[in-house]
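Have a look at the structure below, then the notes.
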Amino acid sequence: MASKLLRAVVLGPPGSGKGTVCERIARSFGLQHLSSGQFLRESLGGGGEGGKPQPTLGYSFVPNFLAVPVCLHPRCFPTSHCNPCAASQGFPRTLGQAKALDGICELDLVISLNIPFETLKDRLSARWVHPASGRVYNMDFNPPHVQGVDDLTGEPLVQREDDRPEAVAARLRKYKDAAKPVIELYKSRGILHSFSGTETNKIWPYVYTLLSSRIPPIHPEEEH
């Protein structure tokens, strides 16, 4: 575990690769990966019963009165040095959530992923998930070993309603409108770092360099 206190947030529209970036940060720097979407799925009962997948709740549309209490739970944003280093994925998504987070802890840096609209549309339309765990597969570049089933459990994968092509454009517009004041807030504080591109593998080296200037890595960048 990294020894220096660091709290970071990774922001980006649906399909931008936030989860992949956070997983790499966790492995490379010994930070705790906090997925707000996973906490919400657990708290709201997202998952299957008797092996039958249940509908998942698109986090872009979760209201503050649900998202804030769950995502500001101590296990999401630790407030002591017991777990001093954390990289959060997908929270805050609105200005109200950002202000609520201010009352819990002070962020050290915010990473914003900027991906072209067409790239996101293609990614989301090809995305399937394992409802119980939140594991995400992309049929173009990260397909499951067996079509239609989760690699670890063998349970069925589903395509979320808001990942269907007709819903993607509305999701992206909603994210853009909600995220703009959040981005401006962190930019005004001088902690926002934006990275643009179409591939996570090409963005990642720049994220790694940024983090390396703050805390020492525990694994070299070339391992990824």
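Fair warning: this is a prediction, and the values are worked out from it, not measured in the lab.
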First locate atom [atom1] of [X], then atom [atom2] of [Y], and finally report the distance between them rounded to the nearest 0.5 Å.
| X | Y | atom1 | atom2 | result |
| --- | --- | --- | --- | --- |
| I183 | S188 | CD1 | OG | 11.0 Å |
| S194 | I111 | OG | CD1 | 10.0 Å |
| L11 | S112 | CG | OG | 6.0 Å |
| L157 | M139 | CG | CE | 5.5 Å |
| L113 | T20 | CG | OG1 | 10.0 Å |
| L211 | Y206 | CG | OH | 15.5 Å |

Decide yes or no for [X] and [Y]: does some side-chain heavy atom of the first lie under 4.5 Å from some side-chain heavy atom of the second?
| X | Y | answer |
| --- | --- | --- |
| S28 | I218 | no |
| I25 | W204 | yes |
| P181 | Y186 | no |
| N142 | V136 | no |
| T153 | R135 | yes |
| V207 | V21 | yes |

Closest non-hydrogen atom pair between [X] and [Y], with its separation:
| X | Y | value |
| --- | --- | --- |
| D140 | A126 | OD2-CB, 3.6 Å |
| S125 | V168 | OG-CG2, 4.1 Å |
| A98 | V182 | CB-CG1, 4.5 Å |
| R160 | V129 | NE-CG2, 3.8 Å |
| L120 | P14 | CD2-O, 3.4 Å |
| C22 | V10 | SG-CG2, 3.6 Å |

Taking salt bridge (charged side-chain N to carboxylate O under 4.0 Å, His left out) as the definition, give me every residue that meets it alongside K202, ordered by chain and number, with sequence neighbours left out.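 With sequence neighbours excluded, K202 shows a salt bridge (charged side-chain N to carboxylate O under 4.0 Å, His left out) to E199, given in chain and number order.
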
Using modelled atom types only, decide if a donor and an acceptor are shared between the side chain of E155 and the backbone of P131 within a distance under 3.5 Å.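 Not at all, since once roles are kept as given, no pair shorter than 3.5 Å links the two residues.
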
Is R171 reaching over with its side chain to a backbone N or O of D162, donor-acceptor style, under 3.5 angstrom?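 Yes; at least one donor-acceptor contact below 3.5 Å.
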
With [X], which residues qualify under side chain to side chain contact (heavy atoms under 4.5 Å, CB included), at least two apart?
| X | value |
| --- | --- |
| A169 | F117, R173 |
| K187 | E184, L192 |
| P116 | T119, T198 |

V146: hydrophobic cluster co-members (side-chain, 4.5 Å):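 Via sub-4.5 Å side-chain contacts, V146 links to V149.
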
Within one Ile-Leu-Val-Met-Phe-Trp-Tyr cluster: L152 and W128, side-chain cutoff 4.5 Å: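 Looking at the clustering, W128 is in a separate group from L152.
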
Using 30° and 60° as the class limits, which term best fits the ring planes of Y208 and F29: parallel, tilted or perpendicular?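 Rings of Y208 and F29: tilted, as their planes differ by 30° to 60°.
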
Pairs touching [range] that satisfy salt bridge (Lys or Arg N to Asp or Glu O under 4.0 Å), sequence neighbours left out:
| range | answer |
| --- | --- |
| residues 109-120 | E118-K121 |
| residues 122-131 | R127-D163 |
| residues 94-107 | D102-R189 |

In chain order, what residues pass the side-chain hydrogen bond (donor to acceptor under 3.5 Å, both in side chains) check against Y137, with sequence neighbours excluded?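 Per chain and number, Y137 pairs via side-chain hydrogen bond (donor to acceptor under 3.5 Å, both in side chains) with D150.
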
